[in-house]
Amino acid sequence: KDGIVVWIPCEQILFGGNEIRNLNGWIGNIGDASLDKWSETARNIKNEYGSAMIVVPGHGKYGNSELIDYTIKLYEPYKKDSSINSTDSFLEPNFMTNEDFYIKAESDSTQNGKQILSDAIVIAQDSTKYVKIESPQIVYQPDKKSIDSDYGRLRIYDKIENKGKLRTDISFKKLTVYKEADSVGLRVILKETKK
């Protein structure tokens, strides 16, 4: 609701703000976003300003109208008619959101700058996949944008090609997930799987 784009017709430049994502960027902070309307809004922007020669996103490198197409595809899975089950999406209402991960926990505490989450579910994503981690204890380090867990369950879903199809479902012993730059995305490191 607070998004705004600016069009300079004589220069054919579109300032997309946070509505338009940088190429291969992730979804960003969506705490007050209408996810089910985002791709539709981006499609409306394309209909009006698709002739833009330069598109400047809210974060990351500028590009051309390809950034609008990327944004449409990025948020398409959040539409209400998406094939992703709502319990495995970000649409579940009781997830806490921040710019890196979506967190649901029975309790949490802080020790040495680390957030200790008990009976937690954490969801993260990049441009190609959703990652859902369930564990009795997860350590979240905001400064490193990382999640560590000693054991639990990991599910990875395809994002664009198969729209929510489960790709990986395993139990693990030792897992690290962290976010790099928008352009690099999400890293999932399985240190040990459970047989």
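Given the structure is predicted, the values throughout are model-derived calculations rather than measurements. Numbers for residues simply follow the sequence, beginning at 1.
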Quiz item: Do side-chain atoms of S149 reach the backbone of Q137 as a donor and acceptor pair under 3.5 angstrom?
Solution: yes

Self-check item: N64 (side chain) donor-acceptor with E66 (main chain) under 3.5 angstrom
Solution: yes

Please tell me whether [X] and [Y] are part of a single hydrophobic cluster in this structure, the criterion being side-chain heavy atoms less than 4.5 Å apart.
X: I189; Y: I138; answer: no
X: L190; Y: V139; answer: no
X: L175; Y: I170; answer: yes

Quiz item: In this structure, which one of L14, I20, I68 forms a side-chain contact (heavy atoms from CB on, under 4.5 Å) with K46?
Solution: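 With K46 as partner, L14, I20, I68 yield a single side-chain contact (heavy atoms from CB on, under 4.5 Å), made by I68.
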
Quiz item: Only one of L166, L154, I123 forms a side-chain contact (heavy atoms from CB on, under 4.5 Å) with K132, so which one is it?
Solution: I123

Do [X] and [Y] have side chains that approach each other closer than 4.5 Å (heavy atoms only, starting at C-beta)?
X: Y140; Y: I103; answer: yes
X: R153; Y: I133; answer: no
X: T71; Y: R21; answer: yes
X: R43; Y: I45; answer: no
X: Q125; Y: Y130; answer: yes
X: V5; Y: F15; answer: no
X: L186; Y: V131; answer: yes
X: V56; Y: V6; answer: no

Separation of [Y] [atom2] from [X] [atom1] (nearest 0.5 Å):
X: L67; Y: I72; atom1: CG; atom2: CD1; value: 11.0 Å
X: D150; Y: F172; atom1: CG; atom2: CZ; value: 8.5 Å
X: S135; Y: I147; atom1: OG; atom2: CD1; value: 10.0 Å
X: R187; Y: S146; atom1: CZ; atom2: OG; value: 14.5 Å
X: Y151; Y: K173; atom1: OH; atom2: NZ; value: 12.0 Å
X: I156; Y: T168; atom1: CD1; atom2: OG1; value: 4.5 Å

Practice problem: Would you please test R167 and R155 for side chain to side chain contact (heavy atoms under 4.5 Å, CB included) and show each step? | Solution: CA-CA 7 Å; R167 188 167 77 189; R155 293 186 187 105; over 6 Å; no

Considering all heavy atoms of both residues, which atom of [X] and which atom of [Y] are nearest to each other, and what is their separation?
X: G113; Y: P142; answer: O-CD, 3.6 Å
X: E19; Y: A42; answer: OE2-N, 3.4 Å
X: N22; Y: P57; answer: N-CB, 3.8 Å
X: Y178; Y: K144; answer: CB-O, 4.4 Å

Quiz item: Is any side-chain N of the basic residue among D158 and K129 closer than 4.0 Å to the acidic one's carboxylate O?
Solution: no

Quiz item: Residues two or more places apart in sequence or in another chain: which of them pass ring-ring contact (aromatic ring centres under 6.0 Å, His included) with Y49?
Solution: W7

Self-check item: Set of salt bridge (charged side-chain N to carboxylate O under 4.0 Å, His left out) partners for D119, sequence neighbours left out
Solution: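 In terms of salt bridge (charged side-chain N to carboxylate O under 4.0 Å, His left out), with neighbours along the sequence ignored, D119 is linked to no residue.
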
Self-check item: Step-by-step side chain to side chain contact (heavy atoms under 4.5 Å, CB included) determination, N18 to H59
Solution: CA-CA 7 Å; N18 288 337; H59 300 275; 3.3 Å; yes

